[in-house]
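Source: prediction; values computed, not measured. As a basis for the values below, the full set of heavy atoms in this structure was taken, side chains included, without hydrogen atoms, waters or symmetry mates. Along the sequence shown, the residues carry numbers beginning at 1. Every number for a ligand or one of its atoms is a count from 1 in the order of the listing.
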Amino acid sequence: MLQTPQASHSLTSSSTNLVQKKQKKQKHLSAMAVRKPGVIALFDVDGTLTAPRKGATPKIVEFMRQLREVVTVGVVGGSDLVKISEQLGKTVIDDYDYAFSENGLVAHKDGKLIGTESLKTFLGEEKLKEFINFTLHYLADLDIPIKRGTFIEFRSGMLNISPIGRNCSQEERDEFEKYDKVHNFRAKMVSVLREKFAHLNLTFSIGGQISFDVFPQGWDKTYCLRYLDDFHEIHFFGDKTYKGGNDHEIYESKRTIGHTVTSPEDTMEQCKALFLANP
Ligand SMILES: [Mg+2]
């Protein structure tokens, strides 16, 4: 009889698997029982759970797994799910009770998609096209030392616009950042777009080294809070909580208790003090 390697493996170890599954389930249930009801720890990704643009270290992955045993955990990142998965791991939607990508415009709970909102639906194709066409013309006329590719990245809930182009190298990225600090290309472009498209009620947010984001008003990280009505105590941890930072609105929100962190190590220390001090 022909058998695939997996089939033969599962036959020989099926009883072991069953015991392991049972133990895992019991462990999960006991963890659920001690978790504080109505309390969630919600984390920004970049600079909070990982070093900027880097992946999570095994240490923080293990820490978050332990934290999840005492409190419901969630992540909210500005990037799309693909990028968040690159940073926090492919199993991110299962590793956290809530995983909000694009500030919550794409929302997962217990590994399942529970909601999406898109710029396309919200603005409509006509207005979107008008905005993109104007932006492309502006970028084409912009005289900067080097240009690469991917000048407009279309995400489900925002446009990310980069004068140099997103697929530049790290070195080119650093150079652009220095150059932009002197010439304010991004700030100037934002003021032009803001005036031209005032009727669309858009928010412009300059973040990172080479780009800025454009999204409808209110589509910042507070967007994800609509999925957390069951929680009376929402602890939010973020590194950019200052005015103009991408964590500011959710940090300031009446619905959250905001915590400013300086690094993943600081996040772990603050969580230990808050949730793990008296086991
Ligand atoms: Mg951050």
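- In this structure, His248 has no ring-ring contact (aromatic ring centres under 6.0 Å, His included) partners at least two apart in sequence or on a different chain.
- A salt bridge is defined here as a Lys NZ or Arg NE, NH1 or NH2 lying under 4.0 Å from an Asp or Glu carboxylate O, and Arg53 with Asp46 fails to meet this definition.
- Residues satisfying the side chain to side chain donor-acceptor pair (under 3.5 Å) test with Thr57, not counting sequence neighbours, are none.
- Counting only N and O atoms by type, the side chains of Asp213 and Ser205 include no donor and acceptor under 3.5 Å apart.
- With a 4.5 Å cut-off between side-chain heavy atoms of Ile, Leu, Val, Met, Phe, Trp and Tyr, the cluster of Val106 takes in Leu113.
- Around the Mg ion (ligand 1), the protein contributes the following N, O or S atoms at distances under 2.8 Å: Asp44 OD2, Asp46 O, Asp239 OD1.
- When the side chains of ILVMFWY residues are joined at heavy-atom separations under 4.5 Å, either directly or via intervening members, Met189 and Phe197 end up in a single hydrophobic cluster.
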